[in-house]
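Below is one structure, written out as structure tokens, with a few remarks after it.
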2 protein chains.
Amino acid sequence: MKLSKKGEYALRALIDLGIAGEVGRELVQVTELSDKESIPAKFLEQIMQELKSAGIVVAQRGKFGGYHLARPASEITIGSVVRLIDGPLAPIGCVSHTAYEKCSCPDEEHCGLRMLMLDVRNAIAGILDRYTLADVVEVTLRKLRRDALPLPFATPRSAVRREPVKSTVASRRTARTAVPRRLVPVEGLLSQLLPDYTI
Amino acid sequence: MKLSKKGEYALRALIDLGIAGEVGRELVQVTELSDKESIPAKFLEQIMQELKSAGIVVAQRGKFGGYHLARPASEITIGSVVRLIDGPLAPIGCVSHTAYEKCSCPDEEHCGLRMLMLDVRNAIAGILDRYTLADVVEVTLRKLRRDALPLPFATPRSAVRREPVKSTVASRRTARTAVPRRLVPVEGLLSQLLPDYTI
DNA sequence: TTTTTTCATACTAAATTAGTAGGATTAAAT
DNA sequence: ATTTAATCCTACTAATTTAGTATGAAAAAA
């Protein structure tokens, strides 16, 4: 039930971009991300490319370029990122919603294992499709502030000399107000750390 | 978040052994299992070997030999089987209970991703460690009976000419009475299909 | 003694994972 | 215009994992 390193790196980088947006930083370069997270720079470069192609991040080329989120962090679910990089969330193909595949078993309708794995897939998707980058950014910032630690990306590596590139939408809309919570049953550690968890 | 084919095959075979025990069949051979589930026989043979080494099944060698569960199906959790064959349930090492591994991130204590993945690992383990082979056997048999389908392993391939080999414990104790349900929150499809789900 | 099963070990082809390498392109600064 | 520093693009690769095959020995029943 593993998440690949690539998937982990993608999420780490995106969370960092979310944090950067939250502290007013407009662009972050691959080397900053790879330094902070100890990710091989060239590997992360590839990953950022995939995220760009998928429309999750936007790049600014050239000197003093870098990346930022293409949409508000509250509109990027963790599940969508994991699916993009690592494929379906379901443990076996015959219970995948996004990539169903008939399994080898003789009778899917009477397969107890399938029922069980459907529960697992729903449990995973219930979490990863519910939470967004904004949620993870929020708990991270909350913890850092609680312990009075310096926030990452607070000081731009090179002074902010760029015009507000395209739109500051990302940095404004990250607050979790507009997007309604989707489902009812809320449990787990993250939900307890988030302020407005509906029940 | 995939379960390997090997893990899937192991679970299918074990569920079949559980069903066999439930319908009074004492031994099942690899070829029967591999036929029924369309698993390459030699591959399944290897898998059964691992399950034997782990003390999950017991083998009877020689002509008219075969396998049966080493313990009551109600005492074999799905999680223990998946961990044996596929390793830890946790998506990343730093949230694994059974195989913790320090992750590359600079500060585990303030890592939002880790919190999230801990929720995921708890959700997965909450299901796979809660349910046993007996549960899966039960929903399977329930569905087959509901649709008036023939139960597998009801007719022994070769007549039952063997003495009650070691103990009939497995076939007697499979009823889910002795083992108490472990946790409180019960949801998902499987729990709804099981009769005595506590809440 | 034959048959039929598990047991044990070795091997392998294909896919996936986790990267490296090298340069082309773009844009800001000088 | 030239230099510098960033992303972009493509190809390659080493190691590991996955999903098996292959071959035969050992055991037990007939």
Side-chain angles (χ1 to χ4, degrees), chain A residues 1-10 12-13 17 26-35 37-54 57-68 85-88 92 104 156-163 165-166, chain B residues 1-10 12-13 17 26-35 37-54 57-68 70 85-88 92-93 104 156-163 165-166:
Chain A
M1 320 296 254
K2 280 239 170 313
L3 180 74
S4 72
K5 282 290 175 193
K6 196 170 162 188
E8 185 189 325
Y9 294 165
R12 285 197 194 288
L17 289 186
E26 272 153 25
L27 285 174
V28 185
Q29 297 164 1
V30 163
T31 53
E32 292 186 77
L33 296 170
S34 67
D35 282 357
E37 304 288 348
S38 307
I39 301 170
K42 274 303 212 178
F43 191 26
L44 183 55
E45 217 175 78
Q46 274 188 356
I47 296 168
M48 296 310 291
Q49 222 57 219
E50 281 187 58
L51 295 174
K52 202 200 76 173
S53 303
V57 300
V58 168
Q60 179 77 265
R61 299 182 66 168
K63 202 170 182 179
F64 300 104
Y67 291 92
H68 63 90
I85 302 292
D86 275 12
I92 50 181
S104 61
R157 184 171 271 196
S158 44
V160 186
R161 80 202 73 191
R162 185 184 300 279
E163 301 301 298
V165 186
K166 184 78 175 230
Chain B
M1 320 297 253
K2 282 239 169 312
L3 180 75
S4 71
K5 282 289 174 196
K6 196 170 163 190
E8 185 190 326
Y9 294 165
R12 285 196 195 288
L17 290 186
E26 272 153 25
L27 285 174
V28 185
Q29 297 164 2
V30 163
T31 53
E32 292 186 77
L33 296 170
S34 68
D35 281 357
E37 303 288 347
S38 307
I39 301 171
K42 274 303 208 178
F43 191 26
L44 183 56
E45 218 176 76
Q46 275 188 355
I47 296 168
M48 296 310 291
Q49 222 56 218
E50 282 187 57
L51 295 174
K52 202 201 75 172
S53 303
V57 300
V58 167
Q60 179 77 264
R61 298 179 68 166
K63 202 170 182 179
F64 301 105
Y67 291 92
H68 63 90
I85 302 292
D86 274 14
I92 51 181
S104 61
R157 185 170 271 195
S158 44
V160 185
R161 80 202 72 189
R162 183 185 300 279
E163 302 300 299
V165 188
K166 184 77 175 232

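Letters A, B, ... mirror the listed sequences (proteins, then strands); counts begin at 1. Computed from a predicted structure; not experimentally measured.
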Atom-pair distance ([atom1] on [X]; [atom2] on [N]), nearest Å:
X	N	atom1	atom2	result
B/K52	C/dT6	NZ	C1'	8 Å
B/L27	D/dA28	CG	P	13 Å
B/I47	C/dA8	CD1	C1'	16 Å
B/L44	C/dT6	CG	P	9 Å
A/I85	C/dA18	CD1	P	12 Å
A/L51	D/dT7	CG	C1'	14 Å
A/I39	C/dG19	CD1	P	10 Å
A/H68	D/dT7	NE2	P	13 Å

Side chains of [X] and [Y], heavy atoms from C-beta outward: is any pair under 4.5 Å?
X	Y	answer
B/E50	B/K6	yes
A/P88	B/M1	no
B/F64	B/L27	no
A/L3	A/D86	yes
B/H68	B/V58	yes

- Query: Do the side-chain N or O atoms of A/Q29 get closer than 4.0 angstrom to the phosphate oxygens (OP1, OP2) of D/dA5?
  - Reply: no
- Query: Any side-chain N or O of A/Q60 under 4.0 Å from OP1/OP2 of D/dA6?
  - Reply: no
- Minimum heavy-atom distance A/L17-A/Y67, with the two atoms named: CD2-O, 3.6 Å
- Task: Considering non-hydrogen atoms only, spot the tightest contact between A/P40 and A/S34 and give its length.
- Result: C-CB, 4.5 Å
- Using salt bridge (charged side-chain N to carboxylate O under 4.0 Å, His left out) as the criterion, list what pairs up with A/K52, not counting sequence neighbours. none
- Query: In dot-bracket form, how is DNA chain C paired, counting a Watson-Crick or G-U wobble pair only if both its distances are under 3.5 Å and using | for bases paired to another strand?
  - Reply: ||||||||||||||||||||||||||||||
- Nucleotide by nucleotide, nucleotides 14-27 of chain D touches protein heavy atoms under 4.0 Å in the pattern (B base, S sugar-phosphate only, - none) -----SBB-BB-BB
- Verdict with supporting geometry, A/L33 and A/I39, side-chain contact (heavy atoms from CB on, under 4.5 Å): CA-CA 8 Å; A/L33 296 170; A/I39 301 170; over 6 Å; no
